[in-house]
K.L.:
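Here's a structure for you.
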Amino acid sequence: MMKKLILDVDTGVDDAQAIMMALAAPNVEILGITCTHGNTILQNILKNTLRVLKVCNRLDIPVYPGFNEPLLGRKVHVAGDFHGKDGLGDVPDPDAPGLQLLQEMNAVQAIISIVSKYPGEVSLVATGPLTNLALAVKMDPTLPTKLKGLYIMGGNIESRGNTTACGEFNFLADPEAAYIVLDCYTCPTTIASWEFSCRNSLPWSFCDTWLAQKTPKARFMESISAHTRKIAQTDRFQKELVAGPGFNTCDTYAVAAAICDNLVTESEEVAVTVELEGQHTRGMMVLDYIDVLHKKHKVTILKKIDIEVFKQLLINALK
Ligand code: RIB
């Protein structure tokens, strides 16, 4: 049975890895890619997404422009230089596809329209701030009842931050959107948190082997990820890591969970919400183990995966 996906991305380097992983999976059909603000400005994210599709010979996949700022309209946190100013390592790409290839329809309308066309069949994978998803459920409150599943890379499970002391970037970039999504999406929801991605990172030696594949996709990934690989191994970045140095491809964990039924080896079900007010904790994901929130809907928090299965999905992405 083909898995029908919509990817909502803020194409930076790990979003590119996630898109390429999904494209390489024979059991996956990507019905559309919706873009949101996040790792860089929306214009760059749209261009980066088209660049990834071009290197994969999949410019047939529709790309929809989403929102370029959080719900409250004040972009407080930007991803800085981690992904490079342009989001893909600042590598010149004179043959990049033009934005005329974008769809007229906006991301929010696209999510509603595609999910409504295939009720119960489509899974939504979000690897950036959740602005588009929040607006989609506000425009169509029945959306979650028509979704097969929701997979999110974002949030934190032990208050660890990578942008503020307690804030993971995707949730912090639009905390109100994250709050609305975790409150309104009552479909099966799986979350790959920051700490989970750190604890399931790969050795840098695997990254070297992965990029050494003799393929155009590997050469593309090697070039766009050089900047990020350098930053990820600096002392400053090591402080953010929860489990020591490692090759953390954040967004690919959400895609891998969506496309591979035998990936997850340990998870837990818990009700969650997002802190909106805390001076130090705004954007932090709150896990309610003692049922004070009286939330019926519980999400699946990823804990452990089969690393060898995950590695193979990554290798396939660059073949
Ligand atoms: O915190 C990690 C997340 O922030 C990833 O989605 C990465 O692409 C950045 O957007």
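Since this is a predicted model, take the numbers as computed values, not measurements. Atoms within a ligand are numbered from 1 in the order they appear, just like the ligands themselves.
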K.L.:
Measure from the side-chain N and O atoms of N200 to the backbone N and O of D306, and report whether any donor-acceptor pair falls under 3.5 Å.
P.N.:
no

K.L.:
In a table with atom names and distances, give each donor-acceptor pair under 3.5 Å that connects a side chain of residues 102-110 to protein atoms at least two apart or in another chain.
P.N.:
unit_1: N106; atom_1: OD1; unit_2: V108; atom_2: N; d: 2.9
unit_1: N106; atom_1: OD1; unit_2: Q109; atom_2: N; d: 2.9
unit_1: N106; atom_1: ND2; unit_2: Q109; atom_2: OE1; d: 3.2
unit_1: Q109; atom_1: OE1; unit_2: N106; atom_2: N; d: 3.1

K.L.:
Will you find, in the side chains of E268 and Y289, an N or O donor that is under 3.5 Å from an N or O acceptor?
P.N.:
yes

K.L.:
Only counting residues at least two apart or in another chain, list the ones meeting side-chain hydrogen bond (donor to acceptor under 3.5 Å, both in side chains) with N132.
P.N.:
D8

K.L.:
Would you please name every residue forming a side-chain hydrogen bond (donor to acceptor under 3.5 Å, both in side chains) with D10, sequence neighbours left out?
P.N.:
N39

K.L.:
Select all protein residues for which some heavy-atom-to-ligand 1 distance is less than 4.0 Å, and list them by chain and number.
P.N.:
D10, D14, D15, N39, H83, T127, M153, N162, E168, F169, N170, C250, D251

K.L.:
Would you kindly say whether K319 and N316 are connected by a side-chain donor-acceptor distance under 3.5 Å?
P.N.:
yes

